[in-house]
Protein chains: 2
Amino acid sequence: MQPQAITRNAGTTIARQHEVTSALQILRSGAAKAVLQAACGAEHISAFYFPGDIINLGTLEGGRQQASVVLLSAASLCRIPQPLLQAHMQHNPALATALLQAAMQELRQANWLGVLLSQGSAQERLLFFIHTLAQRDLKTGGSGAYVHLAMSRRDVANHLGLAAATVSRTLAHLEEQGLLHCSGRTITLLKEISPRHNFS
Amino acid sequence: MQPQAITRNAGTTIARQHEVTSALQILRSGAAKAVLQAACGAEHISAFYFPGDIINLGTLEGGRQQASVVLLSAASLCRIPQPLLQAHMQHNPALATALLQAAMQELRQANWLGVLLSQGSAQERLLFFIHTLAQRDLKTGGSGAYVHLAMSRRDVANHLGLAAATVSRTLAHLEEQGLLHCSGRTITLLKEISPRHNFS
DNA sequence: CGCAACCTTGAGACAGTTCAAAGCTAGTGG
DNA sequence: CCACTAGCTTTGAACTGTCTCAAGGTTGCG
């Protein structure tokens, strides 16, 4: 019973909504999106995952996966079987705490997305999103000066509750303002971004 | 070191954003709202709490309170000091699991709110909200036939990402359609509500 | 090279917002 | 017990940010 290293291609579904699994998956490289499917057919991308993120926290202890997770690029995963996880938890109670903290972190992000979706303009939503990606880049050793979007405009739009056309237009507008430069899926930040909706 | 019963009046703040506390609080009666304050001054009501709900899960294990919690009516709380909680957890490992499950439940609700905020019309948002309250009423022994709103229209509007005027208008419209009857803060359900955005 | 998916841009439509005024309700103090 | 007040709710009218629809441009892959 060992942790397993796994590699998969872009487009692969690595977790399915409602699923009950017996292993925790952690993204080691690449990017993924969490897609929440409503009964009526509507879909919402509730989160994006990057290296270090836990994919299926929800399936712990017999819970069900809240959303399907689809890879946005080729990626590698680390799979930790449930029994192994439990063995570790017995030796190391801090692990349970760490998982609870991870869950609270996810909740925090979902709540801030709620603030954005309920009160932000298209521009605020986009700036916040880019800012978040840049922060993430900083934390994982990047310069924070440019951001590579792993996802399509349509995915960004869906996540932020906008139309794809609006994302396109708003990016163009931000570029006119000299805030950033945008070429394909690479965004170069030209000024400090201080989204109106700051974390706190 | 015992659990404490506490009673407070409407309007009392029973948890503050960013706070680090050393006790878990559970709502025993009454209702409350969780208010997330952004640095810019914007506020979003991320959730409403009802009897049985845990108010400050986020403060467990040195975590910080994610949002302020304000009572919507006179209420009673049960306060469980951290040491007591930990003592129980040692005897009963299932308790840690239960807390993680509670956190995942909160996350689930936040995610569904996201779907609603990003893709639902005003009518869908309201129907979903009322439906949720009715379901809650059913679970706690009510008939599910009528719903008492513990919160103001403005609070409902804020939570659903609408203007208060829109909530008022939409309720009037739903009443015209014969779906429900609305008198003050009491809503009587006249037909089965099947929101387009079903849980799943 | 050709296809399929993605992205951009324009024009028009519309749901919901804002602002404002008037009606209602519940709590307070005389 | 009633008058008063502050906040909540409703409703109207005008406005606007974003959506939808559609057409053309671009990219990348087989």
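Keep in mind it's a predicted model, so treat the numbers as computed, not measured. We name chains A, B, ... by the order of the sequence lines, and we start the count at 1 in each one. Reckoned from all heavy atoms, side chains included, excluding hydrogens, waters and symmetry mates.
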Round to the nearest Å and state the distance from [X] atom [atom1] to [N] atom [atom2].
| X | N | atom1 | atom2 | answer |
| --- | --- | --- | --- | --- |
| A:Gln119 | D:dG17 | CD | P | 17 Å |
| B:Ile187 | D:dT9 | CD1 | P | 11 Å |
| B:Asn158 | D:dT9 | CG | P | 13 Å |
| A:Leu72 | C:dC6 | CG | P | 12 Å |
| A:Arg185 | D:dT26 | CZ | P | 18 Å |
| A:Glu175 | C:dC7 | CD | C1' | 13 Å |

Report task. Apply side-chain contact (heavy atoms from CB on, under 4.5 Å) to B:Asp53 and B:Ile26, showing your working. Result -> CA-CA 6 Å; B:Asp53 289 340; B:Ile26 297 173; over 6 Å; no

Query raised in the report: Of A:His44, A:Glu106, A:Gln66, which is the lone residue that meets side-chain contact (heavy atoms from CB on, under 4.5 Å) with B:Asn111?
Result: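 For B:Asn111, the side-chain contact (heavy atoms from CB on, under 4.5 Å) test succeeds with only one of A:His44, A:Glu106, A:Gln66, which is A:Gln66.
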
[X] atom [atom1], over 12 foreign heavy atoms within 6.0 Å:
| X | atom1 | result |
| --- | --- | --- |
| A:Arg136 | CZ | yes |
| A:Arg28 | CZ | no |
| B:Tyr146 | OH | no |
| A:His148 | NE2 | yes |

Requested in this report: Could you please spell out the steps behind the side-chain contact (heavy atoms from CB on, under 4.5 Å) verdict for A:Ile130 and A:Ile187?
Outcome: CA-CA 9 Å; A:Ile130 294 169; A:Ile187 294 178; 3.9 Å; yes

Between the protein and nucleotides 28-30 of chain D, list the N/O to N/O atom pairs that are separated by less than 3.5 angstrom.
none

Query raised in the report: How does protein contact run along nucleotides 11-28 of chain C, one letter per nucleotide 5' to 3', with B for base contact, S for sugar-phosphate only, - for none, heavy atoms under 4.0 Å?
Result: B----SBB----------

Query raised in the report: Yes or no on side-chain contact (heavy atoms from CB on, under 4.5 Å) for A:Asp137 and A:Val147, after CA distance, side-chain angles and deciding distance?
Result: CA-CA 7 Å; A:Asp137 184 51; A:Val147 171; 5.5 Å; no

Query raised in the report: So do the side chains of A:Glu43 and A:Leu36 get within less than 4.5 Å of each other, counting heavy atoms only?
Result: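 No. Closest side-chain heavy atoms not under 4.5 Å.
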
Requested in this report: Please lay out, stage by stage, how A:Thr59 and A:Glu19 fare under the test side-chain contact (heavy atoms from CB on, under 4.5 Å).
Outcome: CA-CA 8 Å; A:Thr59 61; A:Glu19 192 177 43; 5.6 Å; no

Query - Interface with DNA chain D, restricted to residues 145-157 of chain B and to heavy atoms under 4.0 Å - result: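 Residues of residues 145-157 of chain B that come under 4.0 Å of DNA chain D are, in numerical order, B:Ser152, B:Arg153, B:Arg154.
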
Query raised in the report: What is the distance from atom CG of B:Leu77 to atom CD1 of B:Ile14, rounded to the nearest 0.5 Å?
Result: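 So the gap between those two atoms works out to 4.5 Å.
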
Report task. Starting from the first five and the last five pairs of the helix from C:dC1-D:dG30 to C:dG30-D:dC1, work out the angle between the resulting helix axes, to 10 degrees. Result ->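 Between the axes fitted at each end of the helix from C:dC1-D:dG30 to C:dG30-D:dC1 lies an angle of 50°.
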
Query - B:Gln135: partners by side chain to side chain contact (heavy atoms under 4.5 Å, CB included), with sequence neighbours left out - result: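 Scan of B:Gln135 (side chain to side chain contact (heavy atoms under 4.5 Å, CB included), adjacent residues dropped) gives B:His131, B:Leu138.
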
Query raised in the report: With sequence neighbours left out, which residue pairs that include part of residues 150-161 of chain A fulfil the side chain to side chain donor-acceptor pair (under 3.5 Å) condition?
Result: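 Matches after skipping sequence neighbours: A:Lys33-A:Asp155.
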
